[in-house]
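All values below come from the heavy atoms of this structure, side chains included, with hydrogens, waters and symmetry mates left out. What you see is a predicted model, and the numbers here were worked out from it, not measured in a lab.
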Amino acid sequence: MAKSEDVFLRAKHRTFSGLTEDVEREWRGPFYFIQAADPQLGLMKAWRMGDCDGGGDEWSDEVQLTKQAVEAVNQLSPRPKFMVLCGDLVHAMPDTPFREDQERDLKEALRGTDPSIPLVFVSGNHDLGNTPTPGTVEQYRTAWGDDYFSFWVGGVLCLVLNSQLFYDSSACPELKEAQEVWLEEQLRRASSPSSTEPKPKHVLVFQHIPLYLKSPEEDDDYFNLQTAVRQSLLDRFKRAGVKAVFSGHYHRNAGGRHNGLDMIVSSAIGCQLGEDTHGVRVVVVTADDIIHRYHSLEQLSGRGMDKDLGKLLQA
């Protein structure tokens with residue numbers, strides 16, 4: 001992009017510059033992308049100190065891990081069609097100390113991404129606040145682009161959603177309603193193709209908070225969406241032919257499959273809350289399926305993507 005800041009502001013007017021339907025609606029064969037989540041600059045020290053509601057005054061570890069992820073992705077050949085970061089870009093909530101500095105340092109780390117790899121940003125609860133307001137959503141849009149939008153890659157329709165509006169929209173009900181109207185139209189188009197609106201090869205969804213961690217019947221939790229919201233989205237996604245939902249938030253790998261719809265929860269670039277290690281997910285898209293595997297940053301840096309995944313791109 002011509003301006004250095006443009007790489008962070010390509011999601012505008014509910015679409016994404018360079019990955020639009022008119023350019024990318026046709027299926028051209030298998031491809032892959034990188035899904036990452038939760039660099040969350042500042043959480044690692046806050047977690048160690050037991051002060052996750054505050055703290056976060058140091059983030060050099062997360063900066064180094066983000067740079068390691070960027071370097072590992074840059075050396076992949078062929079290069080991925082895009083890299084999506086599924087929320088909690090930084091730890092500091094809106095209008096709190098360290099927020100601007102964390103965002104500045106994350107952007108600096110991400111600027112090393114090869115220009116041929118578009119960066120797609122998804123909003124998380126730390127990016128918007130646990131109870132977002134019109135003001136905090138606008139702050140996010142100013143820094144990272146739209147909080148929900150669609151884009152196309154090689155005949156595949158991708159929907160980026162603001163999951164915080166599903167979780168708690170009490171301070172911005174009008175924003176929730178606007179996303180609902182937009183989403184319903186996107187799902188309608190995906191499920192009802194016409195001569196001017198071709199059916200996508202697949203439909204993928206990206207959001208920060210998972211629909212569920214292991215089972216659609218699990219109890220409500222901080223790390224999943226509430227049961228009524230979850231079931232409604234599952235039903236709507238299934239009717240529209242959504243193939244997979246990708247998320248983060250849990251800082252561990254998890255997920256499941258329900259009625260043919262994959263729920264994929266990826267662990268973090270940054271702070272780990274379980275037994276996984278810092279990493280990203282390699283996602284291969286074929287004509288018939290979505291095949292994915294989590295790779296540690298060390299593995300991706302040293303050996304690249306697993307060879308069996310690479311072979312799928314040659315089909």
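Remark: the backbone N or O of E184 is not paired with any side-chain donor or acceptor of R189 at under 3.5 angstrom. Between the side chain of D306 and the main chain of D308, no donor-acceptor pair closer than 3.5 Å is present. Looking only at distances, a side-chain donor or acceptor of D220 sits under 3.5 Å from a matching main-chain atom of T227. Checking side-chain atoms of T136 against main-chain N and O of T133 turns up a donor-acceptor pair under 3.5 Å. At least one donor-acceptor pair closer than 3.5 Å links the side chain of S296 to the backbone N or O of Q299. Remark: the backbone N or O of G154 is paired with a side-chain donor or acceptor of E24 at under 3.5 angstrom. Between the side chain of R230 and the main chain of L211, a donor-acceptor pair closer than 3.5 Å is present. In this structure, Y294 contributes its side chain and G279 its backbone to a donor-acceptor pair below 3.5 Å. Remark: the backbone N or O of A37 is not paired with any side-chain donor or acceptor of H251 at under 3.5 angstrom. Under a 3.5 Å cut-off, the side chain of R236 and the backbone N or O of L187 do not form any donor-acceptor pair.
Atom CD of E100 sits in a sparse spot, with 12 or fewer heavy atoms from other residues, nucleotides or ligands closer than 6.0 Å. In the displayed structure, E26 atom CD is contacted under 6.0 Å by at most 12 heavy atoms of other residues, nucleotides or ligands.
Looking at P216 and L234, their side chains come closer than 4.5 Å, going by heavy atoms from C-beta outward. Side-chain contact between E298 and Q68 is present, with heavy atoms from C-beta onward closer than 4.5 Å.
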Exercise. Output, in order, the C-alpha distance, side-chain angles, deciding distance and verdict of salt bridge (charged side-chain N to carboxylate O under 4.0 Å, His left out) for R99 and E103.
Key: CA-CA 6 Å; R99 170 74 172 212; E103 287 189 326; 3.3 Å; yes
Quiz item: Taking it one step at a time, do F166 and Q179 satisfy side-chain contact (heavy atoms from CB on, under 4.5 Å)?
Solution: CA-CA 10 Å; F166 299 135; Q179 179 175 247; 3.7 Å; yes
Exercise. For D146 and K12, run salt bridge (charged side-chain N to carboxylate O under 4.0 Å, His left out): C-alpha distance rounded to whole Å, both residues' side-chain angles, the deciding distance at 0.1 Å, then the answer.
Key: CA-CA 6 Å; D146 281 354; K12 291 292 186 184; 5.2 Å; no
Exercise. Could you go through the salt bridge (charged side-chain N to carboxylate O under 4.0 Å, His left out) check for D276 and R252 one step at a time?
Key: CA-CA 6 Å; D276 298 297; R252 285 153 284 198; over 6 Å; no
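Between the NZ atom of K243 and the CD1 atom of I264 there is a distance of 10.5 Å, given to the nearest 0.5 Å. Here the straight-line distance linking atom CG of L159 with atom CD of Q207 works out to 10.0 Å at 0.5 Å rounding. To the nearest 0.5 Å, atoms CG (N259) and CG (D235) are separated by 8.5 Å. Within the model, atoms CG of L41 and CG of D88 stand 11.0 Å from one another, a figure rounded to the nearest 0.5 Å. The distance from the CG atom of D168 to the CG atom of N130 is 8.0 Å, given to the nearest 0.5 Å. H202 contributes atom NE2, which lies 5.5 Å from atom CH2 of W27 (distance to the nearest 0.5 angstrom).
A distance of 6.0 Å or more separates the ring centres of F121 and Y140. Separation of the H249 and Y222 ring centroids falls under the 6.0 Å cut-off. In summary, the aromatic rings of F33 and F206 are positioned with their centroids under 6.0 Å apart.
Between W144 and F8, the angle of the ring planes goes over 60°, which puts this pair in the perpendicular group of the 30/60° scheme.
The two residues L297 and V280 come nearest to each other via the heavy atoms CD2-CG1, 4.2 Å.
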